[in-house]
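I have placed the structure first, in the form of structure tokens, so that the comments after it can refer back to it.
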There are 2 protein chains.
Amino acid sequence: MARTQAEIETAVLAARDLFWRTGFDETSIDDVVAATGFNRYALYSEFGGKREVFLAALDRYHLERKQIFMAGLADEAAPPIDAIRDVFEFCIDEMASRGTGCFMCNVAGEIAARDPVVRERIATYLEQINLAFGMALERAAERGELNTNLSPTDGVRIFVTLIMGLGMAAQHGADRQDMLATLEATLASISPLGDPSARARRKKSVN
Amino acid sequence: MARTQAEIETAVLAARDLFWRTGFDETSIDDVVAATGFNRYALYSEFGGKREVFLAALDRYHLERKQIFMAGLADEAAPPIDAIRDVFEFCIDEMASRGTGCFMCNVAGEIAARDPVVRERIATYLEQINLAFGMALERAAERGELNTNLSPTDGVRIFVTLIMGLGMAAQHGADRQDMLATLEATLASISPLGDPSARARRKKSVN
DNA sequence: CCGAATTCAGAATGGCCGTTCTGATATTAG
DNA sequence: CTAATATCAGAACGGCCATTCTGAATTCGG
């Protein structure tokens with residue numbers, strides 16, 4: 001009797017949480033066994049090996065992130081700056097509660113160098129993020145919600161770098177308040193002076 | 001005959017380059033032997049072990065970075081925004097030519113989690129960066145070179161996160177032009193509209 | 001209820017790597 | 001020049017871990 005799709009998905013989620021928290025090298029197969037509930041035999045016959053479990057976990061993360069970014073940023077109706085803020089707040093909450101940065105970013109230093117497949121997944125992930133932010137920032141520019149110093153491309157660069165920087169900050173122990181303050185500072189920096197949508201929520205969370 | 005200080009320093013520099021490029025776990029003692037020219041015996045009697053060589057390399061990196069940031073940003077006479085740009089350009093050139101991100105940031109995901117000493121070094125490193133940027137941004141605010149949307153603290157958050165984000169970007173294969181463009185976008189975003197010092201150099205390098 | 005196939009848990013395997021050991025070589029002091 | 005000390009290169013050790021193997025337990029078709 002083959003395993004059901006639901007069982008596999010649950011295992012992948014557990015593996016994602018585990019690898020996300022402890023990285024690839026630092027996580028042993030026994031750890032994966034304990035976390036997923038699959039035993040060695042099942043793990044090897046279902047996935048192939050440690051690397052394949054990891055790739056499944058990475059893909060799962062990628063999928064979720066893609067949905068979050070696309071759902072938030074591609075919506076033509078929503079105010080783009082607020083959409084950006086929401087997406088970042090989601091990611092910040094996630095990183096703060098897990099106490100670890102972006103799964104895909106953390107992976108970079110560790111195994112991307114030796115695994116071309118991982119490298120390629122990261123590249124497509126970044127492309128998608130770029131695209132998603134690009135849509136939001138085009139709309140922001142059209143609506144006059146972007147500092148006239150900046151092109152939409154500038155904005156994309158800033159936010160893509162911000163999300164990676166926040167991932168690193170989380171990895172070094174930055175807490176939710178720190179990260180939210182950095183987000184608000186960046187949003188203020190790209191907004192036209194005195195823009196109401198930028199200042200509205202600001203007082204809630206900044207130091 | 002004990003080893004001379006100069007020989008040790010050369011070895012530490014080589015070790016720094018090696019660990020910077022390939023990380024801690026991925027670098028074997030034999031690699032360190034080959035890179036430093038010290039043989040196992042010398043390495044162990046001079047440093048103690050792999051971890052100690054690594055810590056020496058990390059300290060060396062930390063020292064250099066501290067000097068670069070302090071020299072650039074603490075200078076009361078220099079225009080602060082230009083000083084910030086210079087410091088970033090130096091780091092960007094370094095990362096681009098090495099094809100790897102910030103040594104200390106890369107280390108975070110890999111061993112900070114398991115080594116409290118490394119964690120503490122990273123914390124003091126970040127503190128010092130914060131201080132250095134703080135000085136420059138206080139002066140920028142006084143001189144009216146900071147967008148009035150932003151406090152000096154906001155600026156510090158933005159630049160500290162930028163440097164970590166650029167480190168991640170470099171790790172993922174961003175090239176010099178990409179990183180310079182992100183730097184210029186950020187400098188434009190924190191500058192008052194139409195500020196000449198922000199726009200002056202801009203045309204040189206942006207896409 | 002039975003027998004064949006599957007799944008299990010844990011033991012064996014093989015390789016890698018940090019560290020230590022060893023016997024040879026070079027260096028220095030007297 | 002000689003003997004003692006320091007340094008060398010590489011072999012041996014020990015531990016860790018991904019993977020495979022094995023014999024027991026369980027499931028499932030008839």
Side-chain angles (χ1 to χ4, degrees), chain A residues 1-12 14-59 106-107 109-118, chain B residues 1-12 14-59 106-107 109-118:
Chain A
M1 168 207 64
R3 240 155 257 279
T4 72
Q5 205 53 39
E7 285 173 315
I8 293 177
E9 177 144 333
T10 308
V12 169
R16 179 205 56 179
D17 290 344
L18 182 62
F19 282 123
W20 193 347
R21 193 159 10 93
T22 56
F24 185 79
D25 288 330
E26 209 63 15
T27 304
S28 76
I29 279 287
D30 281 352
D31 294 335
V32 180
V33 167
T36 59
F38 280 29
N39 60 24
R40 264 189 219 51
Y41 176 93
L43 226 45
Y44 275 83
S45 62
E46 203 65 55
F47 292 97
K50 183 182 178 183
R51 175 170 175 270
E52 284 70 28
V53 180
F54 179 81
L55 285 175
L58 198 60
D59 283 345
N106 294 353
V107 153
E110 194 176 2
I111 33 182
R114 38 175 157 135
D115 194 327
V117 174
V118 171
Chain B
M1 170 208 63
R3 240 155 256 281
T4 72
Q5 204 54 37
E7 286 173 315
I8 293 178
E9 177 143 332
T10 308
V12 170
R16 180 206 55 180
D17 291 344
L18 181 62
F19 282 123
W20 193 348
R21 192 158 11 92
T22 55
F24 185 79
D25 287 331
E26 210 62 15
T27 304
S28 75
I29 278 288
D30 282 352
D31 295 334
V32 179
V33 167
T36 59
F38 280 29
N39 59 23
R40 267 188 218 52
Y41 175 93
L43 225 46
Y44 276 81
S45 63
E46 204 64 55
F47 292 97
K50 184 183 179 183
R51 175 170 175 270
E52 285 70 30
V53 180
F54 179 80
L55 285 175
L58 197 60
D59 283 346
N106 294 353
V107 154
E110 194 176 2
I111 31 181
R114 40 177 158 135
D115 195 326
V117 173
V118 171

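Below, read A as the first sequence line, B as the second, and so on, with proteins coming before strands; counting in each chain starts at 1.
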Atom pairs under 3.5 Å: protein N/O with N/O of nucleotides 3-5 of chain C:
none

Filtered N/O pairs between nucleotides 11-16 of chain D and protein, under 3.5 Å:
none

**Study point:** Side chains of A:Phe54 and A:Ile111 in contact at under 4.5 Å (non-hydrogen atoms)
**Key:**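 They are in side-chain contact.
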
Listed partners of [X] passing salt bridge (charged side-chain N to carboxylate O under 4.0 Å, His left out), at least two apart:
X	result
A:Arg51	A:Asp115
A:Asp31	none
A:Glu52	none
A:Arg16	A:Glu64

**Study point:** Sequence-distant partners of B:Ala112, side chain to side chain contact (heavy atoms under 4.5 Å, CB included), two or more places apart
**Key:**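 Residues passing side chain to side chain contact (heavy atoms under 4.5 Å, CB included) with B:Ala112: B:Val118, B:Arg119, B:Ile122.
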
Check your understanding: Residues in side chain to side chain contact (heavy atoms under 4.5 Å, CB included) with B:Ala14, at least two apart?
Key -> B:Thr36

Practice item. Would you mind telling me which of C:dC8, C:dG18, D:dA18 lies closest to the side-chain atoms of B:Ile29? Key: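 It is C:dG18.
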
Exercise for review: Name the residue closer to the 5' end of DNA chain C, choosing between A:Ala42 and B:Tyr44 according to the nucleotide with the nearest heavy atom.
Suggested key: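 The 5'-side residue here is A:Ala42.
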
Point to revise | salt bridge (charged side-chain N to carboxylate O under 4.0 Å, His left out) between B:Arg114 and B:Asp25, intermediate numbers included | key: CA-CA 12 Å; B:Arg114 40 177 158 135; B:Asp25 287 331; 2.6 Å; yes

Review point. When rounded to the nearest 0.5 angstrom, what distance separates CH2 in A:Trp20 from CG in A:Leu58?
Key: 11.0 Å

**Study point:** Residue among B:Leu55, B:Val32, B:Val53 satisfying side chain to side chain contact (heavy atoms under 4.5 Å, CB included) with B:Phe47
**Key:** B:Val53

Practice item. Measure the angle between the two terminal helix axes of the helix from C:dC1-D:dG30 to C:dG30-D:dC1, five base pairs each, and quote it to 10°. Key: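 Here the helix ends are tilted 0° relative to one another.
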
Distance in angstrom units between [X] [atom1] and [N] [atom2], rounded:
X	N	atom1	atom2	result
A:Asn39	C:dC8	CG	P	4 Å
B:Glu46	D:dT7	CD	C1'	12 Å
A:Phe38	D:dT19	CZ	P	17 Å
B:Tyr41	C:dT20	OH	P	13 Å
B:Leu43	D:dA6	CG	P	19 Å

Practice item. Under 4.0 Å from any atom of DNA chain D, heavy atoms only: list the residues of residues 15-25 of chain A that qualify, in numerical order. Key: none

Run the side-chain donor-acceptor check on residues 37-44 of chain B: report pairs under 3.5 Å with partners two or more places apart or on a different chain.
{"unit_1": "B:Asn39", "atom_1": "OD1", "unit_2": "B:Tyr41", "atom_2": "N", "d": "3.3"}
{"unit_1": "B:Asn39", "atom_1": "OD1", "unit_2": "B:Ala42", "atom_2": "N", "d": "2.8"}
{"unit_1": "B:Arg40", "atom_1": "NH2", "unit_2": "B:Asp30", "atom_2": "OD1", "d": "2.8"}

Point to revise | Residue whose closest nucleotide on DNA chain D lies nearer the 5' end, A:Glu26 versus A:Gly48 | key: A:Glu26

**Study point:** Residues forming a side-chain hydrogen bond (donor to acceptor under 3.5 Å, both in side chains) with A:Ser45, sequence neighbours excluded
**Key:**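 In terms of side-chain hydrogen bond (donor to acceptor under 3.5 Å, both in side chains), with neighbours along the sequence ignored, A:Ser45 is linked to no residue.
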
Check your understanding: Would you say B:Glu110's side chain and B:Phe24's backbone share a donor-acceptor pair under 3.5 angstrom?
Key -> yes

